[in-house]
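Report on the following structure.
Along the sequence shown, residues carry numbers from 1.
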Amino acid sequence: PDDIRAAACYQPAPLSSRRDTVQNYICRTCGVEFTESEEPPESCPICEDPRQYVGWDGQQWTTMDQLKAEGFTNELREEEPGLLGIGMTPSFSIGQRALLVQTSHGNVLFDCISLLDESAIAEVKSRGGIRFICCSHPHFYDSMVSWSHAFGGASIYIPEVDRRWGMRADPGVRYWDGAPKELTPGVTLVQCGGHFEGSAVLHWKDGAGGKGALLVGDTITVVMDREYVCFMRSYPSLIPLPASAINGILGAVKPYSYDRVYGGWWERVVPEGAAEAVQRSAQRYLTQIKGQVRA
């Protein structure tokens with residue numbers, strides 16, 4: 001939805017004209033960090049794809065250091081025991097937050113953001129660091145390689161079918177074949193497709209007080225009333241998905257028990273009865289695209 005894709009409320013400072021070293025440039029619209037270069041890339045392929053958009057002021061770039069200089073910081077919130085939300089303040093790019101699942105077998109970061117500051121590093125290290133990084137889809141890849149480096153080379157899982165959307169190469173990247181992958185006991189990465197071919201969710205068996213939680217980004221997006229979810233090919237361009245894609249998503253998550261869904265943004269959570277909400281929402285969606293409109 002457009003309301004969660006608002007630009008940060010500031011005027012970006014110009015990039016320094018003096019570049020003594022290469023930089024990892026970050027797209028200001030989608031927030032994704034690119035491989036080191038002396039000059040900003042000519043364009044952002046992620047934003048030029050029909051599922052995203054180039055900002056109204058044209059392609060603009062920043063860096064991690066510049067974001068810090070402009071006053072951006074990380075914001076951390078306890079979502080529930082064992083689950084830490086990590087966002088940015090003020091809001092940047094599409095405004096999402098990451099989620100850190102904490103387990104005795106190592107922590108998993110699901111989805112990423114553009115900024116990582118010293119206070120966030122210290123807090124995450126105090127909770128055991130990060131062993132694995134994975135994402136719902138490329139719009140949330142952001143600075144995942146910088147995050148990996150800050151935590152001792154955490155392994156990054158990118159689905160093979162979305163390989164071309166990884167904008168920063170790194171030895172820590174593992175290309176995943178799309179089969180359900182248990183990263184740590186009870187924490188499973190599940191490819192669903194839909195929004196992107198490799199769009200995924202993370203099932204956390206111990207979440208929601210042991211009833212199970214599904215972390216979804218916007219593979220399955222939590223809508224404003226938080227009693228329903230929705231599914232789209234493109235959110236900013238309002239491109240729907242076909243019935244086959246919706247059924248594919250439902251089939252992918254069917255084997256997993258969950259009572260709560262965490263969407264990709266602060267407070268976008270279905271707190272209970274989430275499995276039923278996903279089924280109910282899918283049926284509502286399928287009814288609409290078949291032309292069987294209900295009041």
Side-chain angles (χ1 to χ4, degrees), residues 1 3-4 75-87 94-113 124 127-128 130-137 139-140 157 180-195 199-232 235 246 248-285:
D3 66 294
I4 55 179
E75 179 180 4
L76 285 70
R77 301 184 193 176
E78 200 80 38
E79 298 278 6
E80 66 170 85
L83 187 66
L84 180 69
I86 310 172
I94 61 176
Q96 81 271 16
R97 55 102 172 85
L99 291 165
L100 182 72
V101 180
Q102 300 156 61
T103 83
S104 60
H105 298 275
N107 297 341
V108 179
L109 184 73
F110 183 72
D111 284 336
C112 201
I113 54 176
V124 172
R127 295 168 181 256
I130 298 173
R131 184 178 176 190
F132 299 109
I133 297 173
C134 53
C135 297
S136 57
H137 69 295
H139 295 155
F140 287 9
Y157 282 91
K181 186 171 187 64
E182 190 173 49
L183 298 173
T184 67
V187 181
T188 304
L189 185 59
V190 181
Q191 185 170 303
C192 300
H195 185 36
S199 282
V201 300
L202 191 71
H203 180 252
W204 178 29
K205 183 179 179 181
D206 292 336
K211 295 180 180 179
L214 210 60
L215 285 54
V216 298
D218 63 2
T219 299
I220 301 169
T221 200
V222 179
V223 298
M224 287 298 288
D225 70 3
R226 301 188 299 178
E227 294 182 0
Y228 284 87
V229 299
C230 198
F231 322 83
M232 296 287 280
Y235 292 92
I246 305 304
I249 293 168
L250 294 178
V253 302
K254 184 177 180 180
Y256 303 93
S257 297
Y258 59 96
D259 191 50
R260 186 171 297 160
V261 161
Y262 285 95
W265 291 266
W266 295 122
E267 300 177 358
R268 292 298 186 98
V269 179
V270 181
E272 60 185 1
E276 294 81 3
V278 169
Q279 289 290 329
R280 183 172 67 245
S281 301
Q283 291 308 311
R284 181 172 76 168
Y285 182 101

(Q) Test side chain to side chain contact (heavy atoms under 4.5 Å, CB included) on L100 and V108; report intermediate values, then the result. (A) CA-CA 6 Å; L100 182 72; V108 179; over 6 Å; no
**Q.** Worked check of side chain to side chain contact (heavy atoms under 4.5 Å, CB included) between L83 and V101
**A.** CA-CA 5 Å; L83 187 66; V101 180; 3.7 Å; yes
Q: Under the salt bridge (charged side-chain N to carboxylate O under 4.0 Å, His left out) rule, what do R77 and E75 come out as? Steps first, then yes or no, please.
A: CA-CA 7 Å; R77 301 184 193 176; E75 179 180 4; 3.0 Å; yes
**Q.** Chi angles and distances behind the side chain to side chain contact (heavy atoms under 4.5 Å, CB included) call for V222, V269
**A.** CA-CA 6 Å; V222 179; V269 179; 5.9 Å; no
Q: For E267 and R97, run salt bridge (charged side-chain N to carboxylate O under 4.0 Å, His left out): C-alpha distance rounded to whole Å, both residues' side-chain angles, the deciding distance at 0.1 Å, then the answer.
A: CA-CA 10 Å; E267 300 177 358; R97 55 102 172 85; over 6 Å; no
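Taken to the nearest 0.5 Å, the CD1 atom of I130 stands 10.0 Å off from the CD atom of Q102. Atoms CG and CD1, on L214 and I220 in that order, are 5.5 Å from each other to the nearest 0.5 Å. Rounding to the nearest 0.5 Å gives a distance of 13.0 Å between CG of L183 and NE2 of H105. Interatomic distance, I249 CD1 to Q191 CD, rounded to the nearest 0.5 Å: 11.5 Å. For the atom pair Y228 OH and R284 CZ, the distance stands at 5.0 Å (nearest 0.5 Å). Once rounded to the nearest 0.5 Å, the distance linking CG of L250 with CD of Q279 reads 5.0 Å.
Minimum interatomic distance between C192 and V201 (heavy atoms only, all atoms of both residues): SG-CG2, 3.9 Å. Residues A282 and F231 come closest through the heavy atom pair CA-CE1, 3.8 Å. Smallest separation of non-hydrogen atoms from G87 and W266: N-CZ2, 3.5 Å. C112 and C135 get closest at one heavy-atom pair: N-SG, 4.3 Å. The minimum heavy-atom distance between P255 and G251, with the atom names listed, is CD-O, 3.6 Å. Across all non-hydrogen atoms, the minimal contact from V190 to A252 is CG1-O, 3.5 Å.
Ring orientation note: the planes of H137 and F140 are tilted relative to one another, at an angle of 30° to 60°. Note on ring orientation: taking the six-membered ring where Trp is involved, the planes of H203 and Y258 are perpendicular (angle over 60°, cut-offs 30° and 60°).
Cation-pi check for R268 over Y262 is not met; the charged atom does not lie both under 6.0 angstrom from the ring centroid and within 45 degrees of its normal.
A side-chain donor-acceptor contact under 3.5 Å links Y235 to the backbone of D218. With R131 contributing its side chain and T184 its backbone, the two residues share no donor-acceptor pair below 3.5 Å. With W265 contributing its side chain and I94 its backbone, the two residues share a donor-acceptor pair below 3.5 Å. Side chain of R280 to backbone of A275: no donor-acceptor contact under 3.5 angstrom is found. Under a 3.5 Å cut-off, the side chain of H195 and the backbone N or O of T219 do not form any donor-acceptor pair. S281 contributes a side-chain N or O that, together with a main-chain N or O of V229, makes up a donor-acceptor pair within less than 3.5 Å. Judged by distance alone, with hydrogens and angles left aside, the side-chain atoms of R260 form no donor-acceptor pair with the main-chain N or O of A213 at under 3.5 Å. At least one donor-acceptor pair under 3.5 Å links the side chain of D259 to the backbone N or O of G273.
Within the 4.5 Å cutoff, the side chain of V270 has no heavy atoms near those of the E227 side chain.
Paired with L202 under the rule side-chain contact (heavy atoms from CB on, under 4.5 Å), one option of V187, V216, D111 passes, and it is V187.
Using a 4.0 Å cut-off between charged side-chain N and carboxylate O, R127 and E78 make a salt bridge.
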